[in-house]
Amino acid sequence: MTPDSRRKTQDAGRTTPYNADLHIHTLLSPCGEIEMIPPLIVEAAKVAGLDVIAIADHNSCENAAAVMRAAEGSGIRVLPGMEVQSVEGIHLLCLFDEIEQAEALQEAVYGSLISLPGGAYRYSEEQFVVDWEGEFVKYCEKRIALPTSMDIDEVFERVAKIGGIMIPSHIDRQGTGIIDILGMIPETPDINGLEISRNITPDEARVRFPSVGNRPIFQNSDAHWLSAIGERHTILHMAHRNVSEIKLACRGVGGRRVENA
Amino acid sequence: MLLANIAQNLNLNPINEPSADVEVTSGYASDLLSDVLAKAKNGAIWATNQKHINIIGVAVMLNLAGVIIAGGIEPDENTVAKAREENIPLYITETSLFDVAGKLYELGLRST
């Protein structure tokens, strides 16, 4: 073993606590405030002391690359992703390392967004695609506020195949959380982790929802405006800031873990 | 009322029917499984557009008389397997959830 490769091996076994907020919307989401532009999101994340953030607009990742670029040199790692709405109506946080992976999921999502009679979708002009400086590029014409026709198992399989991680969003929320819709966390697929909303603590969630079991719980801001960024976060003890490390942290491998802040 | 009468009246397509000689005492229609868990009565027939395996888990927990998947939605394979394993009567129909609920109401069933 060369000195260099030995050092790499040792590094991989050493974990660092990273402050993570893995659920942030931009102004692409119809419900996202207009101030949620890439440079301001990065600035707010810096002020909040975050080390890793994820961009997760509804059913789209069209602003994720811009935030990744805006974060270059900031020291903040940006994971591209999206919050997919399954046919059951469940919100599912889907996160990746590379924009190409997120775009591969986006292609499937765009192909399966449910249709409406012509003209009935009225959010298009609230769906802003911007560049890394926040300048207007175009409106997103897809019906991203609607559910897809993919069920939760299909979303899970697609995300896994592309190399991402699927975390059911705000599982305690009515109408869009997995527990309200499916009654309990299903035994399959093998879900790595779960996200709770700001309205509940991890301990409360485990008591209120026994089907959570010992799965790791993520707390994210689900920010739709700047001041919310980092209001909730999770401490991820990992060797690197990437999706496979998050998966390892969920499983508690090699000292990695998901810690609630 | 017997499950057999309901299946015949609504022209339901049986996916799993261990026995239709089951007394149905009420009806329920909802797609939120948590709502069903909280409000449906034992012995109810439940109509839904959900096809996920958890619908069988709910039926077992509440000892429901049966489950109808409405609107021409096909159940997942593992849902069907679970229904067989748990002996839960499971039907599908092209009829919309609204119309299924209306027909059950017409037959005299109530949610309470």
Side-chain angles (χ1 to χ4, degrees), chain A residues 84-92 112 114-116 146-160 166 168-191 194-197 199-200 204-213 215, chain B residues 15 27-86 88 90 92-94 96-98 111:
Chain A
V84 175
Q85 190 173 353
S86 74
V87 71
E88 299 94 345
I90 305 165
H91 286 203
L92 301 163
S112 83
I114 63 167
S115 52
L116 280 183
L146 300 179
T148 66
S149 53
M150 292 192 273
D151 62 32
I152 180 173
D153 293 320
E154 184 180 347
V155 176
F156 180 88
E157 279 159 27
R158 281 188 185 276
V159 170
M166 183 192 87
S169 309
H170 40 65
I171 61 162
D172 53 301
R173 272 183 45 186
Q174 292 193 332
T176 55
I178 188 170
I179 290 177
D180 197 31
I181 294 170
L182 293 185
M184 66 204 89
I185 308 295
E187 284 171 21
T188 58
D190 186 14
I191 292 169
L194 304 164
E195 182 198 68
I196 56 174
S197 81
N199 304 321
I200 191 169
E204 286 167 353
R206 289 188 199 280
V207 171
R208 241 174 82 191
F209 311 118
S211 63
V212 166
R215 290 182 182 86
Chain B
I15 296 295
Y28 206 75
S30 177
D31 291 335
L32 288 178
L33 276 64
S34 53
D35 171 62
V36 179
L37 280 169
K39 294 190 187 137
K41 307 279 183 246
N42 293 351
I45 180 104
W46 169 32
T48 181
N49 281 331
Q50 293 283 6
K51 61 184 176 58
H52 189 271
I53 186 172
N54 276 15
I55 64 176
I56 305 303
V58 167
V60 171
M61 263 188 253
L62 296 178
N63 197 18
L64 298 182
V67 180
I68 304 169
I69 302 177
I73 291 164
E74 295 279 335
D76 297 347
E77 268 174 44
N78 55 2
T79 305
V80 175
K82 186 84 173 166
R84 293 200 175 117
E85 184 189 321
E86 300 283 358
I88 295 294
L90 177 65
I92 59 171
T93 177
E94 293 290 325
S96 75
L97 180 58
F98 178 87
S111 63

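In what follows, chains carry the letters A, B, and so on, assigned in the order in which the sequence lines appear, proteins first and then strands, with residues in each chain numbered from 1.
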Proximal component of Ile53(B), with respect to chain A [non-hydrogen, under 4.5 Å]:
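Neither part.
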Relative to chain A, which segment of Asn49(B) carries a heavy atom at a distance below 4.5 Å: side chain, backbone, both, or neither?
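For Asn49(B), there is no contact with chain A at all, as no heavy atom is under 4.5 Å.
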Give a yes or no on this: more than 12 heavy atoms of other residues, nucleotides or ligands lie within 6.0 Å of atom CD of Glu187(A).
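Atom CD in Glu187(A) is not crowded, with 12 or fewer foreign heavy atoms closer than 6.0 Å.
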From Glu77(B) atom CD to Asp153(A) atom CG, the distance as rounded to the nearest 0.5 Å:
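Reported to 0.5 Å precision, the distance equals 11.0 Å.
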Could you check whether any side-chain heavy atom of [X] comes within less than 4.5 Å of a side-chain heavy atom of [Y], counting everything from C-beta outward?
X         : Y         : value
Leu32(B)  : Gln174(A) : no
Lys51(B)  : Asp151(A) : yes
Met184(A) : Val58(B)  : yes

Heavy-atom cut-off 4.5 Å, strictly under: side chain, backbone, both or neither for Leu182(A) against chain B?
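Contact with chain B is through both the backbone and side chain of Leu182(A).
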Taking all atoms of both residues into account, what is the closest heavy-atom pair of Ser34(B) and Ile179(A), and its distance?
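The pair with the smallest heavy-atom distance is CB-O, 3.8 Å.
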Between Asn54(B) and Ile185(A), which heavy-atom pair has the shortest distance, and what is it?
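So the two residues come closest at ND2-C, 4.4 Å.
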